[in-house]
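FYI, side chains are in, hydrogens and waters are out, and symmetry mates aren't considered; it's all heavy atoms of this structure. Order of listing sets the numbers, starting from 1, for every ligand and every atom in it.
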Amino acid sequence: MRVIITDSYERMGLEAANIVAGQIYLKPDSVLGLATGSTPLSLYRRLIAVHETVGLDFSSVTTFNLDEYIGMEPDSPHSYHYFMHEHFFDHINIAPENIHLPSGTAEDMAAEGRRYEDMIAKAGGIDLQVLGIGRNAHIGFNEPDVKFEATTHKVALDEETIKANARFFDREEDVPRYAISMGIKTIMLARRVILLASGAAKAEAVSKTLCGSVTPKAPASILQLHQDVTIILDKEAAALLPKEIYGVRIDNYG
Ligand code: F6R
């Protein structure tokens, strides 16, 4: 695991954008795995800026998002479909047919999971997966006590996740209780992974991910076994890491 510690949330996004942009320059038809939530917004803002200023070309890029709430229509403002269009896809030149999110309204979630996995396989697999992390160390919506061998499937959200995501809804009762999410196996099969974390609320999850045992109780800890992972943090999210952690690059941005 490589670890990059930056001074701020915006710098975290900039470091991540450099990696994603580099991936697209080297392989214009890259397959990207994408995340929603607050964490990747600085990454998406930066990628939009690179697209607008130097023409980073998304026309051959294919994307697969990690997850979607069950029961959520794609055009609902609370859906991850909507979120991705609003914060990223509507601002770049990606082909609409190359955008994929699991359907939260499929009749049969097991079949939808298989369909999603087939589409990822047909696209050639994920070249670069972008991840955020939950306070409980979830990745995607793979909550503690996850089965590491799972592929895309229906998941029940943890109480902690429901509370954390209530900020996007009027009332906590409105947060969906279920989602469809790529599984840990789907994520582990990506050729490269970048995980972003920002803020003190993520420090414990980050410490468990990097320094704890590999355990289903901290789903992100499985990333210790992935061959190509870069963890990009702001200093608050890195606060509980031991100073001597190897591979760390601390950026002294002004
Ligand atoms: C989002 C996702 C989640 C989030 C995580 C952190 O698609 O799969 O794992 O990355 O819950 O969310 P934020 O960034 O809002 O703190």
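Assignment of R167 to the shell around ligand 1 is supported, since a heavy atom sits closer than 4.0 Å.
Salt-bridge annotation for D174 and R171: present, with a side-chain N of the basic residue lying under 4.0 Å from a carboxylate O of the acidic one. In this structure, E204 pairs ionically with K208, as a charged nitrogen and a carboxylate oxygen lie closer than 4.0 Å.
Taking every non-hydrogen atom of L66 and a distance limit under 4.0 Å, the qualifying atoms of ligand 1 come out as 8 (O). Residue A35 approaches ligand 1 through these ligand atoms, each under 4.0 Å from one of its heavy atoms: 7 (O). When each atom of ligand 1 is checked for a heavy atom of T39 under 4.0 Å away, the hits are 13 (P), 14 (O), 16 (O). Taking a cut-off of under 4.0 Å to the non-hydrogen atoms of G37, the atoms of ligand 1 that pass are 14 (O), 15 (O). If you number the atoms of ligand 1 from 1 as listed, the ones under 4.0 Å from a heavy atom of D67 come out as 1 (C), 2 (C), 7 (O), 8 (O).
Just one of L128, I126, L66, T63 meets the side-chain contact (heavy atoms from CB on, under 4.5 Å) condition when paired with L34; it is T63.
Although no hydrogens or angles enter the test, the distance criterion places no donor-acceptor pair under 3.5 Å between the side chain of D158 and the main chain of P144.
Across P40, G33, G140, heavy-atom proximity to atom 3 (C) of ligand 1 is greatest for G140.
One side chain, R192 or Q23, offers a donor N or O that lies under 3.5 Å from an acceptor on the other. E143 and T161 form a side-chain donor-acceptor contact under 3.5 Å, judged by distance and modelled atom types alone. Counting only N and O atoms by type, the side chains of S8 and D234 include no donor and acceptor under 3.5 Å apart.
Remark: ligand 1 and K202 share an N or O pair separated by less than 3.5 Å (distance only, no angle test). For ligand 1, the polar-atom distance check finds no N/O of Y80 at less than 3.5 Å from any of the ligand's N/O atoms.
Scanning all protein heavy atoms for the shortest distance to atom 10 (O) of ligand 1 gives G132 CA, 3.3 Å. Nearest to atom 6 (C) of ligand 1 among the protein's heavy atoms is I133 O, 3.3 Å. In this structure, the protein non-hydrogen atom closest to atom 11 (O) of ligand 1 is H138 NE2, 2.6 Å. Of the protein's non-hydrogen atoms, T36 OG1, 3.1 Å is the one closest to atom 1 (C) of ligand 1.
Between D108 atom CG and R114 atom CZ the span is 6.5 Å, to the nearest 0.5 Å.
Both tests hold for K154 against Y178: distance to the six-membered ring centre under 6.0 Å, angle to the ring axis within 45°.
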